[in-house]
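This is the structure I have questions about; it appears just below.
Numbering starts at 1 and runs along the sequence shown.
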Amino acid sequence: MGFSNYLRAILGKSHEILTPLLAFNLGLDSDKITSCTFFLAISYILVDWLKASRRDWKMYFHQLSQVLLSF
């Protein structure tokens, strides 16, 4: 619901939908790519450089994702 309201605010009374919709989707997708790259980099550093246990990291990451998804 939040995304659709934001998109409506961007569009306003304009009948031109392609450019604002493309910009909106590119913004969302770039945020997803940035987030995934960040977490993959953190995982690589913790597991390969700092020798953290993969099992422990997976459990921690799973708990973190559950907490973030509950909001």
Quiz item: Apart from L64 itself, which Ile, Leu, Val, Met, Phe, Trp or Tyr residues share its cluster (side-chain heavy atoms under 4.5 Å, direct or through members)?
Solution: F38, F39, I42, Y44, I45, L46, V47, W49, L50, W57, Y60, F61, L68

Quiz item: For the atom pair CG (D31) and CG (L26), what is the distance rounded to the nearest 0.5 Å?
Solution: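 Those atoms lie 12.5 Å apart.
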
Exercise. Identify the heavy atoms of T37 and I33 that sit nearest to each other, and give their distance.
Key: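 Shortest heavy-atom contact: OG1-O, 2.8 Å.
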
